[in-house]
Structure formats: structure tokens, C-alpha cells
There are 2 protein chains.
Amino acid sequence: MAGGAQFTPADTEPRYEVFHTDCAARDVVGHATSRWGIWVLISLQRNDLRFYELRESIQGISEKMLAQSLRALVQDGLIWRQVEPTTPPQVTYGLTEFGRDVSEPLVELFDRITRRVAPTAG
Amino acid sequence: MAGGAQFTPADTEPRYEVFHTDCAARDVVGHATSRWGIWVLISLQRNDLRFYELRESIQGISEKMLAQSLRALVQDGLIWRQVEPTTPPQVTYGLTEFGRDVSEPLVELFDRITRRVAPTAG
DNA sequence: CCGTATCCGCGATGATACTG
DNA sequence: CAGTATCATCGCGGATACGG
């Protein structure tokens, strides 16, 4: 919580701090719940995946947005990236411990919505 | 996923359908995890709130985006809207049962990220 | 107090082409 | 296979003004 968070001293309500400040957590929340980030995290919940596997798993995503999302999530420490120096090169992505922590509620969110909105799907 | 596992038609893996279709659930997920929707849902988790209370609680949100987010979430059945025909009018928002179901994992997501990224915050 | 209506900049996103 | 680079666009979202 860098800088000076400014709150009304009289306000005793324990409001969420991130609502009011530029907190790093807010960025991570943004990345984890971003348009494509959430599907990347959910996809990797089941098993590690290669770049093209992620691209094929998440319909509609472009290579650009996939690469961009992956970079942000790696940066945040949610997923790891492993490069096999073969030809052709193989790059595998997977969830870190933090990433598993974060993707769990995302999967739960997704499941609850799916059960309610499209209970017959699957 | 080593050993050349491919996504072939013979693959019996039950992949998430919403990744591949225009599923209504995908829209709801989008609204619930939208830039402002997530904070609206988390804010209403503690107690029902009036319009201006939400506006003041969520720093940086404009009235336009708040109204827009609320409309989408009401439409999705995540929150209810109650109008008191007084002068001045009072409009209160709160979570439906579905909304509580959905906001729970969102709060969990938020807490886990906050604990990890800003463990001293609060 | 609780919104809606309108304008508009800008970043997110997609399409395409190219590289190691 | 796994990206990067570039460009065009599209709509999100902020500012402002107005209405019930």
C-alpha cells in the first residue's frame, strides 16, 4: 500500500482499502479477471499446457492477446513458463502455487454461474 | 502434458464448453468479473447499499459506469433493486441468492490475492 | 437523490505479416 | 512451434450536461 491512503478519520467503516488506492493487488485482480486471463487460469487448472494448446483451448483468443495475458500472469507470479531448447522449441505454462490459489475461486465462480445459467450444458 | 497428447476428436477429456461457444454463462462471468462489476458485488456482500453509497464506496467509478454495471447485474439476476417512492427517491441494491453465490468466490479471490500481494494491508 | 443522454479520447483488441 | 511487429478499429469509460 504505497503512498498515502487518504481516508476520513471519522469513518469507522472497515471498507476495502483497494477500492481507494492504487494497490498492487488491484492490478493482479485485474489480470486474473481480465477478459482472457480468467480462461487461461482455468485452462491451466487441469494440467500444464503448451502455447498452441492454450490457443486452441480458448476459442476466439488471438496469439497476441494470449501472449500478452501470459506475460502479465507470469509477471504477477500466477503462472510459470518453461522453455525446452528443442527444435521446434516447446514452451510450457503451468500454475504456480499462488496461481492455484487464485484459480480455485475462479473455477468455483465459473461453476456456480454455469450451474445456474446453463444447468444442462456439458 | 508431455508425450504428445493432442486435442483430437477421440479425446474424451470433458473440456469447458463456454470456451468454445457463445454461452450465456460467459456473459454473466464477464459482467461479474468486469472492471466495476466485481467491486459492486464485493461491496454488496457486507450489506445492502444505496446508489450514492456504492458510488462513494468504489473510488474512481463514474455514475454512468455504476448505473451501467448495476443494470447488467440486475439483468443477470445477481442483484435486486428496490425503489422507495419518497422524495427524494431512495434506491437500494442488494445481492440475490444467486448474487451471493457468485460474490463468495470473488471475495475469496480478492482475499487470497490481497494476502499474497499486500499481506500487511488493512 | 438517482439517474439518463451525449460527445469523444484512448486503450484494448483483432488481423495480418513476419521472425527465430 | 512460439511468438513479435505493425496498423486499423471498436467500444469502454470519463466528462459533462440534463432530467425525474
Side-chain angles (χ1 to χ4, degrees), chain A residues 19-20 22 26-40 43-44 47-76 79-94, chain B residues 1-8 19-20 22 26-41 43-44 48-76 79-94:
Chain A
F19 288 20
H20 304 262
D22 285 51
R26 189 151 170 174
D27 290 335
V28 178
V29 171
H31 294 152
T33 64
S34 67
R35 178 170 182 191
W36 301 115
I38 181 173
W39 305 119
V40 170
S43 295
L44 292 176
N47 42 260
D48 304 338
L49 292 174
R50 305 254 310 269
F51 185 87
Y52 80 96
E53 290 175 323
L54 280 166
R55 187 195 348 136
E56 291 173 4
S57 173
I58 306 170
Q59 192 178 52
I61 196 172
S62 64
E63 292 193 341
K64 173 185 167 183
M65 293 317 298
L66 178 56
Q68 188 173 310
S69 301
L70 287 170
R71 238 182 295 129
L73 295 173
V74 168
Q75 178 92 14
D76 291 341
I79 67 180
W80 49 258
R81 178 188 133 110
Q82 185 187 11
V83 181
E84 291 288 338
T86 61
T87 52
Q90 295 194 357
V91 183
T92 307
Y93 295 91
Chain B
M1 202 109 183
Q6 303 282 340
F7 286 135
T8 64
F19 288 18
H20 305 263
D22 284 51
R26 190 152 169 171
D27 290 335
V28 178
V29 171
H31 294 154
T33 63
S34 66
R35 177 170 181 189
W36 302 114
I38 181 173
W39 305 119
V40 170
L41 291 172
S43 295
L44 292 176
D48 304 338
L49 292 174
R50 305 255 310 270
F51 184 85
Y52 80 96
E53 289 175 321
L54 280 166
R55 190 196 346 139
E56 291 174 5
S57 173
I58 306 170
Q59 191 179 53
I61 196 173
S62 64
E63 292 193 340
K64 173 187 167 182
M65 294 317 298
L66 177 56
Q68 189 173 308
S69 301
L70 287 170
R71 236 183 296 128
L73 295 173
V74 169
Q75 178 92 13
D76 292 340
I79 67 180
W80 48 259
R81 178 188 133 111
Q82 185 187 12
V83 181
E84 292 288 337
T86 61
T87 51
Q90 293 193 356
V91 183
T92 307
Y93 297 89

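Order of the sequence lines sets the chain letters (A, B, ...), proteins ahead of strands, with each chain counted from 1. Computed over heavy atoms, backbone and side chain alike; hydrogens, waters and symmetry mates excluded.
- Rounding to the nearest 0.5 angstrom, the gap separating the CD atom in B:E63 from the OH atom in B:Y52 is 13.5 Å.
- To the nearest angstrom, C1' of D:dA2 lies 13 Å from CD of A:E53.
- The distance from the CD atom of B:E56 to the OG atom of B:S43 is 12.0 Å, given to the nearest 0.5 Å.
- Nearest-nucleotide assignment on DNA chain C puts the 5′-proximal partner with B:K64, out of B:K64 and A:S62.
- Heavy-atom minimum distance, A:S69 versus A:W36: OG-CB, 3.6 Å.
- The side chain of B:W36 approaches D:dG14 more closely than any other nucleotide in the set D:dC1, D:dG14, D:dG3.
- Using modelled atom types, no side-chain atom of A:S57 and backbone atom of A:L54 make a donor-acceptor pair closer than 3.5 Å.
- Where A:P88 and A:Q68 meet DNA chain D, the nucleotide closest to each residue was compared, and A:P88 sits on the side nearer the 5' end.
- The shortest distance between the side-chain N/O atoms of A:Y93 and the OP1/OP2 oxygens of D:dG3 is below 4.0 Å.
- Counting any heavy atom pair closer than 4.0 Å across all strands shown, A:R55 reaches no nucleic acid atom.
- The minimum heavy-atom distance between B:R35 and B:I38, with the atom names listed, is O-CG2, 3.9 Å.
- One interatomic measurement links the two molecules: CG of A:L66 to C1' of D:dA2, which rounds to 10 Å at whole-angstrom precision.
- Remark: C1' of D:dG20 and CD of B:E84 are 17 Å apart, rounded to the nearest angstrom.
- Minimum interatomic distance between A:I61 and A:R55 (heavy atoms only, all atoms of both residues): CG2-O, 3.9 Å.
- Distance check, rounded to the nearest 0.5 Å: CH2 of A:W39 to CZ of B:R26 gives 6.0 Å.
- Separating the CD atom of A:Q82 from the P atom of D:dG3 is a distance of 13 Å, rounded to the nearest angstrom.
- Ranked by how close their nearest DNA chain D nucleotide is to the 5' end, B:R35 and A:E63 are led by A:E63.
- In this entry the distance linking CE of B:M65 with C1' of D:dA15 reads 13 Å, nearest Å.
- When the side-chain nitrogen and oxygen atoms of A:R50 are compared with OP1 and OP2 of D:dA2, one or more of them lie within a distance under 4.0 Å.
- Each end of the helix from C:dC1-D:dG20 to C:dG20-D:dC1 gets its own rotation axis from five pairs of C1' atoms, and the angle between them is 50° to the nearest 10 degrees.
- Of all heavy-atom pairs between B:D48 and B:G94, the closest is OD1-CA, 3.5 Å.
- Between B:P89 and B:R50, the shortest heavy-atom distance links the atoms O-NH2, 4.4 Å.
- Protein chain B contacts DNA chain C over a range whose 5' and 3' limits, counting nucleotides with an atom under 4.0 angstrom from a non-hydrogen atom, are C:dC1 to C:dC7.
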